[in-house]
Amino acid sequence: MYRTHNCGELRMEHLGTEVVLSGWVQGSRDLGFMMYTDLRDRYGLTQLLFNEQITDKDLFEQARTLGREFVIRVEGTVIERQSKNPNMPTGDIEIQVSKLEILNASKVPPMLIEDEIDEGDDIRMKYRYLDLRRKPVQQNLFFRSKLAIATRAYLADQDFIEVETPVLIKSTPEGARDFVVPSRMNKGQFYALPQSPQTFKQILMVAGFDKYFQIVKCFRDEDLRADRQPEFTQIDCEMSFVTQEQVLETFEGLTRHLFKKLKNVDLPKFPRMTYDEAMSKYGSDKPDIRFGMEFVELGKEELPEGFVVFDNAELVVGICAEGQAAEYSNKDIKKLTEWMQRPQIGAKGLVYVKYNADGSVKSSVGKFYNDEVLKGWLEKFGAKPGDMLLILSGEEEKTRKQLNELRLEMGNRMGLRNPEEFKPLWVVDFPLLEWDEESERFHAMHHPFTSPKAHDVERMLNGDHETMKALRADAYDMVINGVEIGGGSIRIHDRELQSRNFDLLGFTKEEAQAQFGFLLGAFEYGAPPHGGLAFGFDRLCAVMCGQNSIRDFIAFPKNNQGRDMMIEAPSPIHDEQLEELCLKINLPEGD
RNA sequence: GACAGUGUAGUUCAACGGUAGAGCAGGGGAUUGUCUAUCCUCAAGUUGCGGGUUCGAAUCCCGUCAUUGUCGCCA
């Protein structure tokens with residue numbers, strides 16, 4: 001037998017008990033006359049004692065050979081510590097070891113298995129099996145497991161059925177780039193890995209399953225970020241005979257349940273915000289509403305002519321940073337301006353107006369506007385003495401986007417983005433279509449099966465180009481703390497409307513038939529009204545734990561280049577494999 | 001594809017253009033209750049790689065690779 005107890009459970013009540021423990025050597029403290037060794041497993045740490053006066057001499061010498069991360073099995077007696085450690089759950093007891101067996105020695109590990117993570121990502125990923133021994137990383141994965149189990153339990157209780165959908169499916173040109181898999185039996189042809197089970201879940205609705213969910217891997221071959229992996233997990237859901245309202249209520253219920261169950265947090269009813277409101281107040285379709293600092297636009301009446309930059313701007317808009325007037329010297333403003341001018345943000349400049357504590361006003365555009373005008377701005381922004389306005393101008397869409405970045409940065413600097421605080425909301429009424437200047441055609445903002453709002457159907461069937469841009473969809477996103485957690489829509493279940501949508505998206509009848517014929521076919525045999533959504537499961541884990549990177553919630557994540565540093569994938573394959581698949585590698589020049 | 005940062009001992013980081021050094025880890029020793037023990041001591045380097053400038057390069061320049069973050073991209 002390897003163990004009678006784990007390394008986290010022994011207490012004073014076990015005094016005198018003969019126990020067997022197995023685990024990893026965390027480290028040893030050799031005081032000469034006695035030696036302490038910490039034994040670790042997933043449940044905790046237990047101190048082993050080797051005592052000159054009691055321990056057999058050979059056993060003591062054997063204990064001295066133990067190195068970090070050796071796997072050992074010990075037999076011994078639970079005894080009370082003479083000097084207790086109140087900081088550890090097992091700190092009152094220790095094991096007087098009578099027998100030690102080295103199950104497996106270990107090389108000196110390249111990193112310390114301690115809670116504090118100091119190493120760079122590359123070494124952590126290369127030795128992920130060591131990194132995963134760390135408590136904080138293990139806790140993340142336990143959290144993820146509990147979240148998945150709680151999700152299944154909740155949805156199953158609401159009569160959802162979990163159905164697995166295929167991983168080898170068909171490539172479609174819409175949306176993200178597909179990962180493709182060559183088919184040996186169908187030479188020259190390829191499967192694609194699903195970007196999501198979208199069409200399958202709709203088919204399941206046509207089949208009458210009514211309420212479906214799946215915790216499922218999805219694949220997108222796009223560039224990566226801290227919160228984006230090439231393979232990631234969704235809680236994918238679909239329901240029949242529901243309105244948008246019922247979908248939102250169902251999954252707001254799920255989210256509230258998960259926060260209560262895993263974080264003991266009672267979330268309030270989620271506020272709703274239209275896409276247009278989110279864009280005009282926050283410059284983002286995923287606003288972080290843990291703090292205010294909402295956008296305020298300056299119109300013609302507040303902007304007498306004189307400052308040519310503002311005079312010619314499509315939009316002049318700013319935020320009010322409370323109590324920051326005294327915090328920013330000219331030099332700080334200059335640095336902030338340079339930060340805004342980085343190519344990633346691309347602002348041309350940044351205008352400030354300081355409302356000093358003594359009531360005086362100072363501004364970078366003081367030359368162009370008198371104090372009366374500036375005070376008018378301060379009033380419009382609701383500024384108090386001590387506050388500072390930060391104002392941008394330019395093309396409408398770009399300027400909003402830039403100000404969003406500035407607002408978030410100021411929120412960070414001012415400590416307004418508390419990771420322990422959770423502010424969810426629904427963003428609703430997304431546009432149906434998005435005009436793409438490059439390809440000069442419409443893209444589906446959500447996906448090609450998204451239903452327009454009922455009152456927009458008529459306009460969609462008959463309207464002109466500008467009308468199309470203004471169409472709104474029954475599409476919605478759940479946002480928590482500025483992170484898009486999930487999104488979905490009511491789908492089109494009417495074949496005519498779906499055809500029109502494909503039309504608008506620039507599909508010919510033949511293309512639509514070739515890509516989505518199976519779904520269109522299914523829709524001809526009685527498709528129920530349906531809709532659903534998908535949550536980014538990795539992101540939900542990270543947000544609930546107040547972290548930005550999803551990598552620490554994935555057991556074996558990939559790096560920025562999409563490489564698995566531990567198994568060293570992707571990798572070349574053998575010529576025989578290529579031949580079997582009728583593939584030839586044709587690298588571009590220079591590689 | 002673009003921008004920025006990083007790359008030095010196993011690891012985390014220092015080092016004005018002038019002898020590459022410290023903490024942790026590791027080896028050896030001391031140590032009568034430690035708990036990230038402590039103290040003494042030893043060992044450890046292609047400064048990512050390739051060029052260039054210079055009397056002299058970890059440091060400056062060019063290229064390249066790796067890595068992180070961001071933009072583009074991600075219906």
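Protein chains get the first letters and strands the later ones, always in sequence-line order, with residue 1 at the start of each. This one's a predicted model, so the numbers in the text were calculated from it and none came from an experiment. Worth knowing before you read on, the calculation uses all heavy atoms, side chains too, and leaves out hydrogens, waters and symmetry mates.
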Pairwise C1' distance for B/A20 and B/C13, with rounding to whole Å: 13 Å

Pair of N/O donor and acceptor under 3.5 Å linking B/U34 base with A/R81 side chain: yes

Nearest-neighbour nucleotide for the A/E222 side chain, B/C24, B/G69, B/C73 considered: B/C73

Residue A/L31, side-chain heavy atoms: nucleotide from B/G33, B/A75, B/U70 that is nearest: B/G33

Sugar-phosphate, base or nothing in reach of A/S489, heavy atoms under 4.0 Å: nothing

Heavy-atom donor-acceptor pair, A/R228 side-chain to B/C74 base, under 3.5 Å: yes

Separation of atom CG in A/L66 from atom C1' in B/G26, rounded to whole Å: 16 Å

Within the 6.0 Å centroid threshold, strictly below: A/Y476 and A/H446: no

Test of ring centre spacing under 6.0 Å for A/W435 and A/H443: no

Touch class at under 4.0 angstrom, heavy-atom based, for A/R551 against every strand present: sugar-phosphate

Sugar-phosphate only, base, or nothing, as touched by A/E94 at under 4.0 Å among non-hydrogen atoms: base

C1' atoms of B/C65 and B/G48, separation to the nearest Å: 7 Å

